[in-house]
2 protein chains.
Amino acid sequence: MTTKTRSQAAPEGYDPSKFPAFAVTVDVVILTMSESRLHVLLVRRGVPPFQGMWAIPGGFKRPTETLDEAAKRELAEETGVDSASLLAQFGAYGDPGRDPRMNVVTVAYLAVLREVAGIVAGTDAAAATLVPVSAALNGAIELAFDHARIVRDAVERVRIDLELTGIATAFVGPTFTMAELRAVYEAVWGVHLDGANFRRRVGGEDGWVIPTGRRARPGSTGGKPAELFRAGRLWKQGGPIRYPQTTDKGKGKR
Amino acid sequence: MTTKTRSQAAPEGYDPSKFPAFAVTVDVVILTMSESRLHVLLVRRGVPPFQGMWAIPGGFKRPTETLDEAAKRELAEETGVDSASLLAQFGAYGDPGRDPRMNVVTVAYLAVLREVAGIVAGTDAAAATLVPVSAALNGAIELAFDHARIVRDAVERVRIDLELTGIATAFVGPTFTMAELRAVYEAVWGVHLDGANFRRRVGGEDGWVIPTGRRARPGSTGGKPAELFRAGRLWKQGGPIRYPQTTDKGKGKR
DNA sequence: CCTGGTTTTGGTCGTCACGACTGTTACCTT
DNA sequence: AAGGTAACAGTCGTGACGACCAAAACCAGG
């Protein structure tokens, strides 16, 4: 933190020694892939304010824990998952009046999970659900507090990080096919990527993915069984796939 | 925020109704270019704890203002600048014990200023100074609290945003030369960029920069006077310059 | 067993962005 | 006026990347 620095100067109508008290909470935007679409986990509020409305899970930060630990704890309490594939802070929200009861500043985290099965089951089924982010973003589902904006910021963050981090691998399981990984990019960015070009970039020659000898069983529709990969070491330094430039003459980037 | 969602469930040794009180502060990392190097503004603490040490400016958030407003206010109080070229939130820090006096969660902002002259003069000259970020990062200057980490995160954020936002234009004045703009990239990234190629990318044909008829007066060392430009509209959608790929065989990105 | 459909996987090719390099212009200082 | 310096312009070769095509592997149904 830091107090006012010019301590000698007269505090202009404000006394630092009597600082205002805030409640600090941690909210977690839990994203996962389901049916080839990006989904967010929402819980139904059981108490006022906004009782009965959907919201993202969260809770008070405790004085003895770090923000990261608080986020991890909240994630575990809501989903039963003790360690997400990815859990990263992405913003703080403190507008006055965002909580009608008191002054609340919340720190928002983004969690990415694989294995949809069991997530909702881990909580009270009636109080937690997985909805497509499109429904949460276009207002089809009304969210409590300023959670609509928080979810929007989280998704925007994912879209950016997809290009420059290994966040894509957090959406898939420990082993995955090229098509599964490509589906993550296509769902988050809303674009179509050529399968052959995608394969060449990712499995080209470097350590993006490591082939396991095994193969996935083909879906009921037939087709050649896909090779199974594990994530390589290079993802820590940025992803291999770039957001496709519309290739139209204007070189406007994105 | 959001309270615990499973309100029926017994609160496991924790009562949400009596939430812990925190102090919430806003700290601002003020960056600017000076002598072709990236500098950060630091203030000397006049009160304990960490009295006499350097720190980044900041102060308590007031319940009636938003976080952005608090950051803007703190910036104005410290520098006299009423509107920075850029002011963006980039992180929250709430480790227990980061302030020995009490529970403090701080929200960190990044401010980018041009026109170094008058910034330090606007404050108490003895209490504020501009130091190269390298000195603050390598430990040559010891910072109070966890401000060393905050500054490091801020610089890392600038390095990333340089590639995908128009943050570079925030470092230069309303009119600038190609060399000035290029110096921003070279200083922040620590690389050398070819002047001719840089010019082609930025002034190529699009609306990155708009030529003003005028020319800058050459430095005392002679040389052709550089053309003066204004920032164009395209910077809002990402910058034209990419971090140079070392072009060595390994395609490791960054 | 054979055929059509589906999906993965490998191959080719043209375009163009980009970096390295060289050359020219315009202004300074002495 | 001469030399130096920095801005500005042109060229060229490499290589990344997208579009497209083709083969391989497997399933379902007849």
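Here is how names work: the chains are called A, B, and so on, in the same order as the sequence lines, proteins then strands, and each is numbered from 1.
The aromatic rings of A/Phe176 and A/Phe229 sit tilted, their planes meeting at an angle between 30° and 60°.
A close approach under 4.0 Å does occur between a side-chain nitrogen or oxygen of A/Arg201 and OP1 or OP2 of D/dC17.
Separating the CG atom of A/Leu193 from the P atom of D/dC17 is a distance of 13 Å, rounded to the nearest angstrom. Nucleotide D/dA9 holds its C1' atom 17 Å from the CZ atom of B/Phe198, rounded to whole Å. Distance CG (B/Asn197) to P (D/dT11): 15 Å, rounded to an integer number of Å. As a whole-Å value, the separation of A/Arg214 CZ from D/dA25 P is 20 Å. Atoms OH (B/Tyr243) and C1' (C/dG19) sit 16 Å apart, rounded to a whole Å.
Under the rule for a side-chain contact (heavy atoms from CB on, under 4.5 Å), the partners of A/Thr177 that lie at least two apart in sequence or sit in another chain are A/Ala179, A/Glu180, A/Ala216, A/Ala226, A/Leu228. When the ring pair (Phe, Tyr, Trp, His ring centres under 6.0 Å) test is applied to B/Phe198, the partners found at least two apart in sequence or on another chain are B/Tyr185. With sequence neighbours excluded, the residues that form a side-chain contact (heavy atoms from CB on, under 4.5 Å) with B/Glu142 are B/Met53. Every residue meeting the side chain to side chain donor-acceptor pair (under 3.5 Å) condition with A/Arg182, not counting sequence neighbours, appears here in chain and number order: A/Glu186.
For A/Asp194 and B/Met178, each mapped to the nucleotide of DNA chain D holding its nearest heavy atom, the one lying further toward the 5' end belongs to B/Met178.
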N/O-N/O pairs, protein side and nucleotides 4-8 of chain C side, under 3.5 Å:
residue: C/dT6; atom: O2; partner: A/Gly223; partner atom: N; Å: 3.3
residue: C/dT7; atom: O2; partner: A/Lys224; partner atom: N; Å: 3.1

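Judged as a salt bridge (charged side-chain N to carboxylate O under 4.0 Å, His left out), not a single pair has a partner in residues 129-138 of chain B (not counting sequence neighbours).
Between C/dG10, C/dC21, D/dG18, one nucleotide has an atom nearer to the side chain of B/Ala196 than all others, and that is C/dC21.
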